[in-house]
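The next block holds one structure in the form of structure tokens; read it before the comments.
Position 1 is the first residue of the sequence; numbering continues from there.
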Amino acid sequence: MQSSLLSNTPSPSLNCESSSDEEEITLDEICDRNYELSLLERLPRELVMEIISFAPECVFRLRLTSRMFRAIVDDFAYNQGNAQIADEVMFTSFEWDSKKKTEVSAVVPKPIYKLFELRLLISLRALRFDFTKRIDRSFDKLDDHPNVYKLNYTSALDYGRMPLLQCVGKKIDKVTLFNCYGKNLAEIGKQLEEFEFRRLEVSCEQLTKDTASQLINIIKAHNIDCLYLSVGKVVGMDTDFLLSLSTLVRSLYLEQLQVFGTSGWSPKYFFGTHHVDWSATILRMFERRRLDALCIENPRYPAYLTAEAAEMLREYLPKTGKAVWFEATCSVYSDEGFAEVSPSISIGPGH
């Protein structure tokens with residue numbers, strides 16, 4: 001399901017080395033040399049751009065039509081900076097051979113992947129740096145699944161030359177961060193400054209004050225609307241962080257991951273605590289002007305929400321003075337299924 005970008009390309013034009021051997025020519029040079037234009041080449045440039053925009057999957061075939069069309073197509077691909085090309089961009093940090101690495105992935109829909117690959121090769125040519133052997137393309141054989149492009153970075157030099165990010169356009173539907181911490185997360189935050197996205201997913205085995213502070217900065221900088229936060233161990237934090245998130249995002253999904261080495265812990269663990277009245281905290285979160293949707297997944301420690309807390313939420317959430325949606329794991333109702341509090345509020349079993 002995974003291949004090198006250059007090992008299984010839909011067109012020889014994807015080969016970066018062969019592309020660099022072609023004579024570079026601009027539209028102005030074509031006009032200055034008085035080429036004899038075909039009827040297709042005489043179409044207004046704006047109309048040609050519309051054709052390319054309507055059928056981006058044909059960019060490589062259009063480039064083979066003539067030198068003029070090759071120049072027009074490359075110009076179109078290079079200057080589509082504001083278009084949304086990637087549905088999702090993912091950053092995954094890990095350690096391999098005692099070296100810290102970050103894998104960057106771009107999820108690109110099938111109808112537009114050829115335009116993305118053309119933009120990628122144009123960027124690679126401009127960088128004069130051979131990333132091609134390190135770029136993997138997967139799911140390209142599945143018609144109902146978007147292509148996924150992956151590239152590993154190992155040095156600060158790489159971070160300054162992220163071709164995948166240069167090619168996805170300025171708008172992204174969703175950014176996902178897996179185990180990104182410290183300087184690594186700070187650098188990723190800088191790389192994302194020029195992008196516009198409203199959904200952010202974060203998954204980390206350990207959440208510290210430093211990581212939380214950096215996440216708050218990213219959320220503020222991009223006016224995040226929907227946040228998915230999955231955490232394991234929480235260190236040096238309290239519920240104030242959740243209250244801060246409630247003032248910034250409209251929709252919040254919280255997942256408590258298993259904390260390994262804690263088999264003796266009580267089943268009441270959630271977000272770094274064992275004995276917290278979560279009904280009070282949740283009500284305070286909804287009192288914030290921004291938050292109106294909250295989902296809590298905690299199947300590993302389902303007793304975090306007591307019967308008293310659940311009843312308190314059933315009684316007071318409908319009285320918040322605004323339309324809210326709330327759903328949470330709760331062992332209290334494990335025999336009853338989801339207990340409907342109102343059309344938009346439910347407290348569910350551990351699962």
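The 12-atom threshold is exceeded at NZ of K319, counting heavy atoms of other residues, nucleotides or ligands nearer than 6.0 Å. In this structure, M237 places its CE atom where more than 12 heavy-atom neighbours from other residues, nucleotides or ligands lie under 6.0 Å away. For K220, the NZ atom sits in a loose shell: 12 or fewer heavy atoms of surrounding residues, nucleotides or ligands are nearer than 6.0 Å. Taking a 6.0 Å sphere around OH of Y316, one finds it holds 12 or fewer heavy atoms contributed by other residues, nucleotides or ligands.
Using a cutoff of 4.0 Å between basic side-chain nitrogens and carboxylate oxygens, K209 and D238 are not scored as salt-bridged.
Shown here for S244 and I216, the closest heavy-atom pair between the two residues is CB-CD1, 4.4 Å. Smallest separation of non-hydrogen atoms from L305 and A310: CG-N, 4.4 Å. Closest approach of N179 and C204 over heavy atoms only: OD1-CA, 3.3 Å.
Applying the salt bridge (charged side-chain N to carboxylate O under 4.0 Å, His left out) test to residues at least two apart or on different chains, the pairs with a partner in residues 189-206 are K170-E194, D173-R199, K174-E201.
To the nearest 0.5 Å, atoms OH (Y181) and CD (Q214) are separated by 12.0 Å. Separating the CG atom in L291 from the OG atom in S251 is a distance of 7.5 Å, to the nearest 0.5 Å. One finds the CG atom of L118 at 11.5 Å from the CD1 atom of I112 (value rounded to the nearest 0.5 Å). To the nearest 0.5 Å, the span separating CG on L245 from CG on L294 amounts to 10.5 Å. T247 OG1 to L242 CG: the interatomic distance, rounded to the nearest 0.5 Å, is 11.0 Å. Taken to the nearest 0.5 Å, the CE atom of M285 stands 8.0 Å off from the CH2 atom of W278.
For Y304 and F271, the ring centers are positioned 6.0 Å apart or more.
Between the side chains of E103 and T92, no donor-acceptor pair of N or O atoms lies under 3.5 Å. Checking S279 against E308 by side-chain atom types alone, no donor-acceptor pair falls below 3.5 Å. Between the side chains of N184 and T102, at least one donor-acceptor pair of N or O atoms lies under 3.5 Å. Side chain to side chain, E255 and Y228 fail the donor-acceptor criterion of an N or O pair below 3.5 Å.
A heavy-atom distance below 4.5 Å is found between the side chains of I219 and L200. No side-chain heavy atom of K150 sits under 4.5 Å from any side-chain heavy atom of V104. Residues L313 and I282 meet the side-chain proximity criterion, which asks for heavy atoms closer than 4.5 Å. Counting heavy atoms from C-beta outward, V202 and F178 have side chains that stay 4.5 Å or more apart. Residues L192 and F91 meet the side-chain proximity criterion, which asks for heavy atoms closer than 4.5 Å. Within the 4.5 Å cutoff, side-chain heavy atoms of D87 are placed close to those of P109. No side-chain heavy atom of E88 sits under 4.5 Å from any side-chain heavy atom of V175. Residues Y269 and V259 meet the side-chain proximity criterion, which asks for heavy atoms closer than 4.5 Å.
The backbone N or O of N298 sits less than 3.5 Å from a side-chain atom of T329, completing a donor-acceptor pair. Of the possible polar contacts, none joining the K171 side chain to the A86 backbone as a donor-acceptor pair under 3.5 Å is found. Of the possible polar contacts, one joining the R290 side chain to the L248 backbone as a donor-acceptor pair under 3.5 Å is found. A donor-acceptor contact shorter than 3.5 Å links the side chain of Q256 to the backbone of V231. Judged by distance alone, the side chain of T273 and the main-chain N or O of V276 form no donor-acceptor pair under 3.5 Å. With hydrogens and angles ignored, the 3.5 Å screen pairs no side-chain donor or acceptor of R250 with any backbone N or O of A293.
Placement of I218 and Y253 in two distinct hydrophobic clusters is found when ILVMFWY residues are connected by side-chain heavy-atom separations under 4.5 Å, directly or transitively. In the hydrophobic cluster analysis, where Ile, Leu, Val, Met, Phe, Trp and Tyr join through side-chain heavy atoms closer than 4.5 angstrom, V235 is grouped apart from Y301.
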Any chance you could lay out the side-chain contact (heavy atoms from CB on, under 4.5 Å) test for Q206 and T208, step after step, and finish with the verdict?
-> CA-CA 7 Å; Q206 178 171 293; T208 64; 3.7 Å; yes
Could you go through the side-chain contact (heavy atoms from CB on, under 4.5 Å) check for Y149 and V108 one step at a time?
-> CA-CA 8 Å; Y149 300 83; V108 181; 3.9 Å; yes
Assess whether side-chain contact (heavy atoms from CB on, under 4.5 Å) is satisfied between K233 and L257, documenting all intermediate values.
-> CA-CA 8 Å; K233 188 176 182 179; L257 304 175; over 6 Å; no
Could you go through the side-chain contact (heavy atoms from CB on, under 4.5 Å) check for L215 and L207 one step at a time?
-> CA-CA 10 Å; L215 291 177; L207 181 65; 4.3 Å; yes
Applying side-chain hydrogen bond (donor to acceptor under 3.5 Å, both in side chains), run through E287 and T320 and close with a yes or a no.
-> CA-CA 7 Å; E287 288 174 357; T320 56; over 6 Å; no
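Taking F197 as the reference, H222 meet the ring pair (Phe, Tyr, Trp, His ring centres under 6.0 Å) condition, with sequence neighbours excluded.
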